[in-house]
Amino acid sequence: MVSIGYAENEQWNHKCIGTILSKNTIITSAECVEKKGNLKLRTGDEDLNKSDDDQLAKTYDLGKVLVHPNRNTNGIGTYLWVLL
């Protein structure tokens, strides 16, 4: 699993989750990355509420967002691939 969110004042702010499909591909819900902004991906954090395991965590920039070709057109349950 990967946390999708952003860092603010050296604190990680979790917004959504994603599933790691491969070294460069994450799948997540469309609502998670609709407004890409300053979102990042974070792996290796065992407890998002504790900062004592931050040395294990790695943060990555959000890469290209691809809409699934068979997505639901009403926007509900739309999944996206996020590439690192």
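This one's a predicted model, so the numbers in the text were calculated from it and none came from an experiment.
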Trainee: If every non-hydrogen atom of W12 is compared with every non-hydrogen atom of S3, which pair is closest and at what distance?
Mentor: NE1-OG, 2.8 Å
Trainee: Rounded to the nearest 0.5 Å, what separates atom CG in N38 from atom OH in Y6?
Mentor: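 It is 7.5 Å, given to the nearest 0.5 Å.
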Trainee: From K64 NZ over to T25 OG1, what is the distance, rounded to the nearest 0.5 angstrom?
Mentor: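 Interatomic distance, K64 NZ to T25 OG1, rounded to 0.5 Å: 12.0 Å.
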Trainee: My understanding is that only residues two or more places apart in sequence, or in another chain, count here; which of them pass side chain to side chain donor-acceptor pair (under 3.5 Å) with T19?
Mentor: none
Trainee: Measuring from L41:CG to I20:CD1, what's the distance to the nearest 0.5 Å?
Mentor: 9.0 Å
Trainee: Could you state the interatomic distance from CD1 (I4) to NZ (K15), rounded to the nearest 0.5 Å?
Mentor: 8.5 Å
Trainee: Find the distance between CG (L62) and SG (C32) and round it off to the nearest 0.5 Å.
Mentor: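 If I round to the nearest 0.5 Å, the distance is 10.5 Å.
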Trainee: With a 4.5 Å limit on heavy-atom distance, are the side chains of I26 and L21 in contact?
Mentor: no
Trainee: If you define the side chain from C-beta out and look only at heavy atoms, does anything of V2 sit under 4.5 Å from I17?
Mentor: no
Trainee: Is there a side-chain contact between K40 and Y60, using heavy atoms and a 4.5 Å cut-off?
Mentor: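 No - every pair of side-chain heavy atoms lies 4.5 Å or more apart.
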